[in-house]
Amino acid sequence: MNYKDFGLVNTRQMLSGALSGGYAVPGYNFNNLEQLQAIIQACIETRSPVILQVSAGARKYVGVEILTRMVQGAIKNFAPPVALHLDHGATFEICRDCIDMGFSSVMIDASDKPFDENVELSQRVAEYAHKHDVSVEAELGALAGIEDDKIGHENHYTNPHDVKRFVELTGVDSLAVSIGTSHGVYKMRNPDGKLRFDILHEIADNLPDFPLVLHGASSVPETIVAEINKYGGEIKDAHGIPADQLIKAHRMNICKINVDSDARLAFTAGVRKILSEQPGAFDPRVYLSAARDMMKEMYIDKNINVMGAADVY
Ligand code: G3H
Ligand code: 13P
Ligand code: ZN
């Protein structure tokens, strides 16, 4: 199945536009219909390109075929450029299957492996992907948080001395780097929300004009957390990466910024509020609409005020 038949694009042109334009293309994870609709509507309204991301958790929850078909249906008559991307693909096989299924971009995440193994696996994926004109993201270094399990220690920043050799050996199209972000809403290893711009500078010097990717970049907006807690939630001590840090990053070589957790928070806030205000509601379309509206508002704000991706195509 060729992704081009469904109006999808790979990420190469998107990311080179972001590199020269000093903004970031949003990489938004989605796990259900309402989230996909919220992303699509926000990107149409802001005229923003978008990379729709499918994680292992999303594949387990919904199934990759359903997610793929949902996207193919949802982007009919969609004007902004859109890529369908595998997030944190762990093996060659999952990357190959997603490419065969109609994805336009994949991430091979072998960042938990020794350098040479990471190179070998990333190169193998790039070779297969490029035969299908699919773009490939790889990762060097490891984020704190969920990736702790894989590497067994705290934030392992990307070594700027490795990046050029890695990209030359693998032929990948973009590179995720570790400069202080982490997945989830408790970015505890980075309590001041400050990124390591010294490392990013060095990476960019060694790898000029090459698109870099920032994972774990949710901001955990205080207003959304407050809304959850106001309506019975108990989310304490959550914090993310402040918007000013993300803006500074995409004015450098960060061309794609991944966000998942902020949408989970917005979804939860929407559901909690409506069910609290309408305790008699039992039609899921009522509370899922509220969740969709809250996520859409968050994505619109993100596209305009964080990514700088509105009106760029
Ligand atoms: O990178 C992590 C994403 O937030 C996906 O997480 O596998 O729980 O969907 P998930
Ligand atoms: P957050 O958990 O900060 O939203 O990061 C998501 C991500 O990096 C998906 O790959
Ligand atoms: Zn990630």
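In this chain, numbering begins with 1 at the start of the sequence shown. What you see is a predicted model, and the numbers here were worked out from it, not measured in a lab. Numbering of ligands and ligand atoms starts at 1, following listing order.
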(request) Could you tell me whether G57 and ligand 1 have an N or O pair separated by under 3.5 Å? (result) yes

(request) Output the list of atoms in ligand 2 that are nearer than 4.0 Å to some heavy atom of S261, sorted by atom number. (result) 1 (P), 2 (O), 4 (O)

(request) Any pair with a residue in residues 169-186 that passes salt bridge (Lys or Arg N to Asp or Glu O under 4.0 Å), sequence neighbours left out, goes on the list, sorted by first then second residue, please. (result) R12-D173

(request) Output all residues satisfying ring pair (Phe, Tyr, Trp, His ring centres under 6.0 Å) with F30, sequence neighbours left out; order by chain, then residue number. (result) none

(message) Set out, in order, the CA-CA distance, both residues' side-chain angles and the distance that settles salt bridge (charged side-chain N to carboxylate O under 4.0 Å, His left out) for K164 and E168, then state yes or no.
(response) CA-CA 6 Å; K164 188 165 185 285; E168 283 173 358; 3.0 Å; yes

(message) Applying the side-chain contact (heavy atoms from CB on, under 4.5 Å) criterion to I99, which one of V134, L86, V136 satisfies it?
(response) V134

(message) At less than 4.0 angstrom from any non-hydrogen atom of H215, what atoms of ligand 2 do you find?
(response) 8 (O), 10 (O)

(message) Just to verify, which of E222, K273, R272 counts as forming a side-chain contact (heavy atoms from CB on, under 4.5 Å) with E227?
(response) K273

(message) If we set the cut-off at 4.0 Å for heavy atoms, which region of N258 has an atom near ligand 1: side chain, backbone, both, or neither?
(response) neither

(request) Can you sort out which atoms of ligand 1 are near D87, meaning under 4.0 Å from one of its heavy atoms? (result) 1 (O)

(request) Would you mind checking which non-hydrogen protein atom is closest to atom 10 (O) of ligand 2, with the distance to 0.1 Å? (result) D87 OD2, 2.6 Å

(message) List ligand 1 atoms under 4.0 Å from S55, heavy atoms only on the residue side.
(response) 5 (C), 7 (O), 9 (O), 10 (P)

(request) Decide whether an N or O pair under 3.5 Å exists between A217 and ligand 2. (result) yes

(request) Going by heavy-atom distance to atom 8 (O) of ligand 1, choose the closest among K60, R264, Q53. (result) R264

(request) Give the residue and atom name of whichever protein heavy atom lies nearest to atom 8 (O) of ligand 2, and the separation in Å to one decimal. (result) G216 N, 2.8 Å

(request) Provide the number and element of each atom of ligand 2 under 4.0 Å from a heavy atom of N29. (result) 9 (C)

(request) Using a strict 4.0 Å cut-off to heavy atoms of H88, name the atoms of ligand 2 that fall inside it. (result) 10 (O)

(message) Donor-acceptor pair, distance only, cut-off 3.5 Å: does the side chain of N253 make one with the backbone of L212?
(response) no

(message) By the definition side-chain hydrogen bond (donor to acceptor under 3.5 Å, both in side chains), identify the one residue from S174, S104, S135 that meets it with T11.
(response) S135

(message) Regarding ligand 1, does H183 bring an N or O atom to under 3.5 Å of one of the ligand's N or O atoms?
(response) yes

(message) Quick check: closest heavy atoms across P221 and D262, and the distance to 0.1 Å?
(response) CD-OD1, 3.4 Å

(message) The test is ring pair (Phe, Tyr, Trp, His ring centres under 6.0 Å); show your working for Y128 and H132 and say whether it passes.
(response) CA-CA 7 Å; Y128 186 82; H132 298 80; 4.7 Å; yes

(message) Which atom name would you report as the N, O or S atom of H215 nearest the Zn ion (ligand 3)?
(response) ND1

(message) Could you tell me if the side chain of V82 sits less than 4.5 Å from the side chain of V9, heavy atoms only?
(response) no

(message) salt bridge (charged side-chain N to carboxylate O under 4.0 Å, His left out) for E45 and K296? Distances and angles first, verdict last.
(response) CA-CA 10 Å; E45 283 184 28; K296 180 179 164 189; 2.6 Å; yes

(message) Whether D260 and R264 form a salt bridge (side-chain N of Lys/Arg under 4.0 Å from carboxylate O of Asp/Glu) is what I want to check.
(response) yes

(message) Looking only at protein heavy atoms, which one is nearest to atom 3 (O) of ligand 2, and what is the separation?
(response) K187 NZ, 2.7 Å

(request) Heavy-atom contacts with D260 under 4.0 Å: which atoms of ligand 1 show up? List them by number with element. (result) 3 (C), 4 (O), 5 (C), 6 (O)

(request) Give the atoms of ligand 2, by number and element, whose distance to some non-hydrogen atom of H183 is under 4.0 Å. (result) 2 (O), 5 (O), 6 (C), 7 (C), 8 (O), 10 (O)

(request) Please confirm whether N29 comes within less than 3.5 Å of ligand 1 when only nitrogen or oxygen atoms on both sides are compared. (result) no

(request) Could you list which atoms of ligand 2 come closer than 4.0 Å to a heavy atom of V259? (result) 4 (O)

(message) So if I count the atoms of ligand 1 from 1 in the order they appear, which ones are less than 4.0 Å from some heavy atom of H88?
(response) 1 (O)

